[in-house]
Amino acid sequence: MSNAYRAIEIDDEELNNATELQFQNFSSSNTTTNPPAGNMSSTSTPQPRSTGFGSASIFEPARPTAQQEQAAKSPIWSIAYYSKFFDVDTNQVMERLFASVIPKDNFLDVMGGSPDLYGPFWVATTVIFVLFVTSSIVDSINAYINNTTYQYNIFQMTFAFGTIYTYAFLVPLLVWGATKYFGCQPDLLEMLALYGYALTIWIPVSVLSVIPIELARWILLGIGAGVSGVFLIRNMYPVLQRAEAQIAKIILVLVIIFHGVLALILKYKFFAYNSAAPPSTPAPTTPDAPKF
C-alpha cells in the first residue's frame, strides 16, 4: 500500500507539473503572439498620427481653419480674402474689450496670435456714434444754460468720423511703417488691433462727460487718456525694443503725442461747455424826427 501510495503521489506531482508546464507553455505562446505591454504602446501607435492627424495638430491654436485657408487662396480684391480678419466670436471680442479697459495682461497673449479687425472697426464706429450723441446733448445743455436756441450740427458727425477713423487706422499704419523701417518687424494686423481696441475706454468716458462739471470732465479725460495710453505703450514696448534705444524713444514720444492730441480734440470739440452769457443785442434806435 505504501508503494501504491507513493505511485499515486508521484502521479499527482507529475500531473501538477504537467499542468503547470502546460499553463506556462500557454502563456509563453501568448507572449510570442502578443508583444509585451511596454512594446505595445510603441508598436501599436501608428507613426503618422503624431505628424499628420495627431493630437498635436488638433489642439494647435495657430492651425488655420478651412475658411482661413480658403481666404488665403482668394485674391486680394475679393471679399473672401478679408473674411479671415473678421473670423472671431463674441466671447473673443468681449475678452479683448475687457483686456483693453483693464490692461493687466499682455494683449498680444490675450489675442493668442489671432488679431482681428472686427473689434477695432466696431469699437471705432461705436465711439463715433457715442461722440455725436453726447456732443449733441452737450450742445443742447449749452443752449439751455445760455438761454439760446439749440441748432442741430451735422458737422459733429463728420468731424468725429474723420478724427476717430484717422486715429484708429491711419495712425497705426504710420507707426507700423516707422517701426518696420527701423527693423522692429511689427505685425500690421496686431498694430491695427491695438489702436482699435484702445478706443474702448472712450465709450464710457464720452457718456459720463455729459456731466456739466468741468473738474469731473477733466478727471474723466485723464482716466481715458491714461488707460488707453498705458494699454498702447505696454503692448508696443516689446516691439519697439527691437530697434535702437534712441529710435525707440522717438517713436514712443510720437505715439504719446498722437494720443495726447486725440484726448485734447475730444475734450475741446465734444466735451466742452460754454456757459458764457450770450451777447446782448443793442436796442433799436428810432430816427429823430425831422426838424422844420
Side-chain angles (χ1 to χ4, degrees), residues 56 59-64 68 72 76 82 84-88 91-124 127 163-205 221-266:
F59 295 102
E60 185 178 2
R63 181 181 178 88
Q68 292 176 344
I76 194 172
Y82 298 95
K84 59 184 178 182
F85 303 136
F86 298 85
D87 188 14
V88 288
N91 294 330
Q92 289 177 324
V93 174
M94 294 300 296
E95 181 183 6
R96 296 173 185 185
L97 290 175
F98 283 113
S100 63
V101 175
I102 307 175
K104 62 180 181 179
D105 298 326
N106 190 350
F107 192 72
L108 299 181
D109 295 336
V110 174
M111 290 190 295
S114 300
D116 68 288
L117 292 180
Y118 180 87
F121 173 77
W122 284 112
V123 167
V127 171
T163 301
I164 299 302
Y165 277 159
T166 298
Y167 182 81
F169 298 106
L170 182 59
V171 172
L173 185 62
L174 296 176
V175 175
W176 172 82
T179 52
K180 185 76 172 179
Y181 178 79
F182 290 107
C184 296
Q185 300 300 324
D187 186 84
L188 178 59
L189 194 58
E190 290 181 352
M191 193 72 66
L192 292 172
L194 285 178
Y195 270 85
Y197 281 106
L199 294 171
T200 306
I201 189 62
W202 292 111
I203 297 175
V205 169
L221 183 72
I223 293 174
V227 170
S228 56
V230 169
F231 171 77
L232 283 176
I233 295 173
R234 180 177 181 178
N235 292 283
M236 290 180 59
Y237 189 72
V239 178
L240 297 178
Q241 280 184 327
R242 302 170 189 171
E244 298 180 0
Q246 192 68 22
I247 299 300
K249 291 179 181 178
I250 294 175
I251 297 176
L252 191 62
V253 169
L254 292 177
V255 170
I256 296 174
I257 290 175
F258 285 138
H259 192 67
V261 169
L262 174 68
L264 293 177
I265 289 176
L266 296 180

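Note that these values count all heavy atoms, side chains included, but never hydrogens, waters or copies made by symmetry.
Here the side chain of T179 pairs no donor or acceptor atom with the backbone of P186 at under 3.5 angstrom.
Of all heavy-atom pairs between W202 and A225, the closest is CH2-N, 3.6 Å. Here the shortest heavy-atom pairing between C184 and A243 reads SG-CB, 3.3 Å. What you find for A168 and Y195 is that their closest heavy atoms are O-CB, 4.0 Å. Shortest non-hydrogen contact noted between G224 and V205 is CA-CG2, 4.0 Å. A pairwise comparison of heavy atoms in G196 and V123 identifies O-CG1, 3.4 Å as the closest pair. When all heavy atoms of V230 and P103 are compared, the closest pair comes out as CG1-CG, 4.5 Å.
Within 6.0 Å of OH on Y237 lie no more than 12 heavy atoms contributed by other residues, nucleotides or ligands. Atom NZ of K180 has more than 12 neighbouring heavy atoms from other residues, nucleotides or ligands inside a 6.0 Å radius. Open room surrounds CD on E244; 12 or fewer heavy atoms of other groups in view lie less than 6.0 Å from it.
Residues passing the side chain to side chain donor-acceptor pair (under 3.5 Å) test with Y165, sequence neighbours excluded: T125. Under the rule for a side chain to side chain donor-acceptor pair (under 3.5 Å), the partners of Y167 that lie at least two apart in sequence or sit in another chain are H259.
Side-chain contact check for P120 versus L192: every heavy-atom pair is 4.5 Å or farther apart. At a threshold of 4.5 Å between non-hydrogen side-chain atoms, the residues M236 and V175 count as touching.
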Go through L97 and M94 one step at a time and tell me if the side-chain contact (heavy atoms from CB on, under 4.5 Å) criterion holds. CA-CA 5 Å; L97 290 175; M94 294 300 296; 4.1 Å; yes
Might you work through the side-chain contact (heavy atoms from CB on, under 4.5 Å) test for V93 and W122, ending with a clear yes or no? CA-CA 10 Å; V93 174; W122 284 112; over 6 Å; no
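With values rounded to the nearest 0.5 angstrom, T200 atom OG1 is found 11.5 Å from I102 atom CD1. To the nearest 0.5 Å, atoms CD (Q92) and OH (Y118) are separated by 12.0 Å. Summarising the geometry, atom CZ belonging to F182 is positioned 11.5 Å from atom CG belonging to L240; distances are rounded to the nearest 0.5 Å. Taking CG of L194 as the start and CG of L189 as the end, the distance is 10.0 Å to the nearest 0.5 Å. For the atom pair M191 CE and F169 CZ, the distance stands at 14.5 Å (nearest 0.5 Å). If you take OG1 on T166 and CD1 on I265, they are separated by 9.0 Å, rounding to the nearest 0.5 Å.
Listed by first then second residue, pairs satisfying salt bridge (Lys or Arg N to Asp or Glu O under 4.0 Å) with a partner in residues 98-123 read R96-D116, not counting sequence neighbours.
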